[in-house]
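FYI, the numbering just counts along the sequence from 1.
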Amino acid sequence: MSYFTGLQCSMCGTTFPAEALYVCDQCLGPLEATYDVAKIRASVSRELIERRPPNLWRYREFLPIEGEPRTGFFSGFTPLVRADRLARELGLSELYLKDDSINHPTLSYKDRVVSVAATRAVELGIKIFGCASTGNLGNSVAAHAARLGLQCYVFIPRTLEPAKILGSAVPGPHVVAVDGTYDDINRLCTQVGDRYGWGFANINLRSYYAEGAKTLGFEIVEQYGWRFPQHVVSPVAGGTLLPRIGRGFREFREAGLVSGDLPKIHAAQAEGCAPVIHALDEGLAHPDPVKPNTIASSIAIGNPADGFQVVKTVRETGGSGATATDAQMIDAIHLLACTEGIFTEPAGGATLAATISLVERGVIQKNESVVVCITGNGYKTSTVMADSLRKPTELGRSLKEFKEFFARCHEQHQADE
Ligand SMILES: *Cc1c(COP(=O)(O)O)cnc(C)c1O
Ligand SMILES: [Zn+2]
């Protein structure tokens, strides 16, 4: 019961068989999965979806696999958290966090895209699975490859945070730490994929990988009560996620599962790596590559593969873009934790900080509904927080010492009020 029909060039429309292909041999445009839309419309319903287990495969009619899912049985269907304390700080009345920082099993949005790419890799008979990663993707590829018993190679920049390197290493793949930026590594992996016939989740399996990101959009609609919110703010790295949130919204509307105007989709990037935001500001269709310089390593991609699609989606939905400095990201990480108890990484800090700018600029109005996508977990990037945290108070074991300490706390509270 698969409605997946093959691949098609998103630029010139040439169709291709459903293999490990990702660029058009006619025009070099990216290939995208196609479906039998009429059959999907005739067979899916809200009730059918709601009866299924709470994972990303509840939307399987919209995903590019031919047989049964192989992994990701607990991935996706992350909480849509109503964030009233944070909303009050921002002066908003209706704010939600789509919390992929607790995605199963590797704590980022990447568990969605990898569940789909890995399932498809098995269907295509691929034996060696890999990726070019800024950190979270490597964690997810290593974990899903282990579960499926695939050989695995994870390529990362040498400068990643220790916990992200560790997370990739634990499931036992070959971790290759390259002296170069993500963009250099992507080039190397493209050559390796061509030369050895391996499956790289985000390179030659990218057409399948990208489809997994639609599920974040599907979940926003379902969890918001089969409605569209008015705004969605998404981080942008390689540009997979943001356009697929938009595609997910459109496909759900075409399938008759939701109606109304699409949300405005806004892009968030780090000021030190903002090729898409520059393109939006300067009216360009294709972002110019930049050299990244930011603490937000997971979104430090200077030459986004799907930059064109991000720019197009933001413009088509009436969205906008905003950047965040490293200091603004750290402040936003604290604000999120102190208001809602959610600890995100700098990419999440950038997304929240960008949301704050959009509210200040009046792009997002106070009484409009907003969903902010929190895509990664702060426990992996604790090193970036070290300088901005209050150290624990060290005390002895006597009640007397505690009393003195508590008196100081009390004074502090009164001074704050
Ligand atoms: C990969 C990643 C993103 C977005 O990446 P895209 O390539 O634009 O889909 C956002 N946040 C985190 C934490 C990520 O790891
Ligand atoms: Zn083409």
Evaluate the side-chain proximity of [Y] to [X]: yes if any heavy-atom separation is below 4.5 Å, no if none is.
X      : Y      : result
Ser108 : Asn139 : no
Ser382 : Glu161 : no
Ile301 : Asn186 : no
Ser115 : Trp57  : yes
Val359 : Leu92  : yes
Cys131 : Val154 : yes
Val232 : Cys373 : yes
Pro30  : Arg206 : no

Taking only Lys NZ, Arg NE, NH1 and NH2, and the carboxylate oxygens of Asp or Glu, determine whether [X] and [Y] approach each other closer than 4.0 Å.
X      : Y      : answer
Lys312 : Glu316 : yes
Glu222 : Arg58  : yes
Glu254 : Arg247 : no

Inter-residue atom distance [X].[atom1] - [Y].[atom2], 0.5 Å rounding:
X      : Y      : atom1 : atom2 : answer
Leu335 : Glu89  : CG    : CD    : 5.5 Å
Ile49  : Trp226 : CD1   : CH2   : 4.0 Å
Ser369 : Arg227 : OG    : CZ    : 7.5 Å
Ile126 : Gln151 : CD1   : CD    : 13.0 Å
Thr351 : Lys98  : OG1   : NZ    : 14.5 Å
Leu7   : Thr34  : CG    : OG1   : 6.5 Å

Between the main-chain N or O of [Y] and the side-chain N or O of [X], is there a donor-acceptor pair closer than 3.5 Å?
X      : Y      : result
Asn204 : Leu21  : no
Glu340 : Arg85  : yes
Asp184 : Thr181 : yes
Ser207 : Leu31  : yes
Asp183 : Asn303 : yes
Glu211 : Leu63  : no
Gln269 : Val236 : yes
Arg60  : Ile65  : no
His266 : Gly319 : no
Ser75  : Arg112 : no

Ring centres of Phe62 and Tyr35 under 6.0 Å apart?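 No, ring centres 6.0 Å or more apart.
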From CA spacing to verdict: side-chain contact (heavy atoms from CB on, under 4.5 Å), Val314, Val276: CA-CA 10 Å; Val314 170; Val276 161; 5.7 Å; no
Parallel under 30°, tilted from 30 to 60°, perpendicular over 60°: which one fits the rings of Tyr379 and Phe343?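 Geometry flag for Phe343 against Tyr379: perpendicular rings.
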Would you call the rings of Phe4 and Tyr208 parallel, tilted or perpendicular, taking 30° and 60° as the class edges?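 It falls in the perpendicular class, over 60°.
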Candidate pair Tyr109 and Asn136, rule side-chain contact (heavy atoms from CB on, under 4.5 Å), full reasoning: CA-CA 8 Å; Tyr109 123 77; Asn136 285 317; over 6 Å; no
Donor-acceptor side-chain pairing of [X] and [Y] below 3.5 angstrom:
X      : Y      : result
Thr106 : Asp111 : yes
Ser43  : Glu61  : no
Asp99  : Thr78  : no

Could you tell me which non-hydrogen atom of [X] sits nearest to which non-hydrogen atom of [Y], and how far apart they are?
X      : Y      : result
Gly349 : Thr344 : N-CG2, 3.7 Å
Ala296 : Ala270 : CB-CB, 4.4 Å
Ile156 : Ile185 : C-CD1, 3.2 Å
Gly246 : Thr313 : CA-CG2, 4.5 Å
Ser101 : Asn377 : O-ND2, 2.9 Å
His231 : Val363 : CE1-O, 3.5 Å

For side-chain contact (heavy atoms from CB on, under 4.5 Å), just list the numbers for Leu257 and Val221, CA-CA rounded to whole Å, side-chain angles, deciding distance to a tenth of an Å, and then say yes or no. CA-CA 9 Å; Leu257 293 168; Val221 171; over 6 Å; no
In sequence, state the C-alpha distance, the side-chain angles, and the governing distance for Tyr209 and Lys110, and then conclude on side-chain contact (heavy atoms from CB on, under 4.5 Å). CA-CA 9 Å; Tyr209 164 95; Lys110 296 301 194 301; 3.7 Å; yes
Taking CZ in Arg361 as the centre, count heavy atoms belonging to other residues, nucleotides or ligands within less than 6.0 Å. Is the count above 12?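 Count over threshold, so yes.
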Within a radius of less than 6.0 Å around OH of Tyr224, do more than 12 heavy atoms belonging to other residues, nucleotides or ligands occur?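 Yes - once you tally the heavy atoms of other residues, nucleotides and ligands closer than 6.0 Å, there are more than 12.
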So if I apply the side chain to side chain contact (heavy atoms under 4.5 Å, CB included) rule between Phe249 and each of Leu262, Asp261, Val258, which one comes out positive?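 By the side chain to side chain contact (heavy atoms under 4.5 Å, CB included) criterion, Phe249 pairs with just one of Leu262, Asp261, Val258: Leu262.
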